[in-house]
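To keep things clear, I will list the structure first and then write my remarks on it.
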Protein chains: 2
Amino acid sequence: MRPLRPRGGAADAASTRRALLEAGTAVFAERGFKGATAELIARRAGVNKAMINYHFRTKKGLYQAILTETLAALFTRLRAVRVDGRPAPEQLREFIAAFGDRAREHPAFPSMILREVLSGGEHLDRAIFGRMSAVFGLVRDIVAQGTREGSFRKVDPLLTHLSIVGALLFFFGSEPFRARVLAEVPIAKRAPRAESFVAHMQEAVTRGLAPDAPARRKR
Amino acid sequence: MRPLRPRGGAADAASTRRALLEAGTAVFAERGFKGATAELIARRAGVNKAMINYHFRTKKGLYQAILTETLAALFTRLRAVRVDGRPAPEQLREFIAAFGDRAREHPAFPSMILREVLSGGEHLDRAIFGRMSAVFGLVRDIVAQGTREGSFRKVDPLLTHLSIVGALLFFFGSEPFRARVLAEVPIAKRAPRAESFVAHMQEAVTRGLAPDAPARRKR
DNA sequence: GTCTATAGGCTGATAGAC
DNA sequence: GTCTATCAGCCTATAGAC
């Protein structure tokens with residue numbers, strides 16, 4: 001709610017751009033593309049409304065710039081889990097943890113991606129599409145490695161990817177909703193923490209993919 | 001795209017109402033609350049735009065009526081999995097299957113719920129909140145029963161609920177997006193079918209929750 | 001680069017005839 | 001109950017001063 005770039009920050013073009021990217025991420029995540037007005041984004045960024053059009057041509061231009069940047073950062077972070085050739089279950093645990101890390105650093109990204117997916121990819125260009133399939137490629141490769149190693153049973157990599165990423169996006173995207181529900185209907189003692197969910201997913205997923213024969217080390 | 005209520009249907013008040021509820025579900029799911037214009041909904045329903053205000057007072061009134069009806073139907077269907085006291089893993093499999101059934105009968109509901117959750121529950125009243133926590137209550141009870149029976153390890157019921165429902169909502173809500181991605185970037189041979197995903201989730205979840213000691217019957 | 005003022009388009013809701 | 005016509009509000013984008 002409070003504007004970014006208080007009196008401390010240098011008011012040059014680069015910082016205006018950055019303030020708009022950050023404010024845009026938050027407002028698009030909360031309200032969707034249509035619901036996020038230029039006025040709202042500009043106010044939160046602490047810059048003039050017309051700066052959106054100057055720096056990004058249109059509101060959609062700002063939106064796409066944010067999505068491109070967000071997905072690039074996500075993919076870079078996720079790709080790192082494959083670099084050293086550890087066992088597949090460890091890599092999958094790392095994948096889940098890395099996803100959680102990105103979501104904590106950038107709380108608005110799951111909501112933005114989820115909204116975009118729900119719209120059928122209304123605002124996506126080919127480059128963004130490519131980044132998204134690249135994320136699937138990581139999971140597919142980890143699953144294939146695990147099957148080869150005997151640490152995973154034979155599962156469909158796409159279904160596996162959709163269930164993991166779907167659960168993660170939902171958890172992090174629904175945080176504001178859960179906060180509100182818990183305030184009105186005390187369903188649990190306190191709001192679940194992100195690390196708890198990451199740990200839960202790591203356990204549930206690696207156990208869920210483990211082969212029938214108990215041919216894997218415990219602990 | 002094609003309007004509901006072709007020349008065959010009786011044009012009385014009840015059928016106008018129903019046509020608006022159905023058309024509204026589809027349009028709200030595709031475009032969100034803001035993106036769904038009264039004009040668009042009315043055209044798809046094959047009725048006059050002003051009928052939205054006559055029958056539901058406002059666009060928001062129509063939206064809430066749809067959500068209330070949708071969630072009531074979902075809860076009724078899901079609650080049935082608890083009636084006879086079968087083992088918890090079977091009940092959880094049934095829960096997942098029932099969720100999939102509802103999504104196939106009503107393809108727009110996961111998208112609508114997901115969008116509403118992402119907005120933090122912008123348009124929800126207390127009754128709808130109650131229905132949502134009731135769904136969690138089902139999962140919580142199944143998990144508690146499974147832990148008691150020894151068929152599940154000790155897991156957090158809320159985290160379990162969020163991961164299951166999140167994955168299901170995402171899968172069914174992202175169907176149009178996946179269709180588009182598969183058309184542009186051939187990631188898999190063909191689009192995954194709903195039944196395959198349901199089966200995948202049933203296996204992954206029950207295996208993921210199984211206790212460490214192999215003290216349960218196989219097959 | 002940034003700001004003010006405004007044009008131009010779209011949308012939800014209603015008044016009033018039938 | 002349904003339809004046509006219309007109005008008032010809001011929102012994106014731009015022109016033009018600085």
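Here is how names work: the chains are called A, B, and so on, in the same order as the sequence lines, proteins then strands, and each is numbered from 1.
Taking atom CG of residue B:L20 and atom P of nucleotide D:dC3, one finds them 11 Å apart after rounding to whole Å. Here D:dT6 presents its C1' atom at 15 Å from CD of B:E39, a figure rounded to the nearest Å. Rounding to whole angstrom units, NZ of residue A:K34 and P of C:dC10 are separated by 12 Å. What separates NZ of B:K60 from P of C:dG12 is a distance of 15 Å, to the nearest Å. For the pair A:K49 NZ and C:dG1 P, the interatomic distance rounds to 22 Å; values are reported in whole Å. Taking atom CG of residue B:N48 and atom P of nucleotide C:dT11, one finds them 16 Å apart after rounding to whole Å. Taking atom NE2 on A:H55 and atom P on D:dA13, their separation rounds to 15 Å, with Å as the unit. Taking atom CE of residue A:M51 and atom P of nucleotide C:dG1, one finds them 10 Å apart after rounding to whole Å.
Using the six-membered ring where Trp is involved, B:F129 and A:F177 have ring planes that are parallel, under 30° apart on the 30 and 60° scheme. Note: B:F171 and B:F197 have parallel aromatic rings, judged against thresholds of 30 and 60 degrees for the angle between ring planes.
Within the 4.0 angstrom heavy-atom criterion, no nucleotide atom of any strand lies near A:A14. Using a 4.0 Å heavy-atom criterion, one finds that B:A42 contacts no nucleic acid atom at all. When heavy atoms are screened at a 4.0 angstrom cut-off, A:A38 is found touching the sugar-phosphate backbone but no base atom.
Out of C:dA13, C:dT2, D:dT4, the shortest distance to the side chain of B:K59 is found at C:dA13. With C:dT2, D:dG1, C:dA13 as the choices, the nucleotide that has an atom nearest any side-chain atom of A:Y54 turns out to be C:dT2. Closest to the side chain of A:A50, out of D:dT2, C:dA13, D:dT14, is D:dT14.
Between B:H200 and the choices A:L158, A:L162, A:L159, the side chain to side chain contact (heavy atoms under 4.5 Å, CB included) rule is met once, by A:L159.
For the pair B:K60 and B:F33, the cation-pi test (distance below 6.0 Å, angle within 45°) is failed. Within the cation-pi definition used here (under 6.0 Å to the ring centroid, within 45° of the axis), B:R140 qualifies as a partner of B:F136.
At C:dC10, none of the side-chain N or O atoms of B:T37 fall inside 4.0 Å of OP1 or OP2 (strictly under the cut-off).
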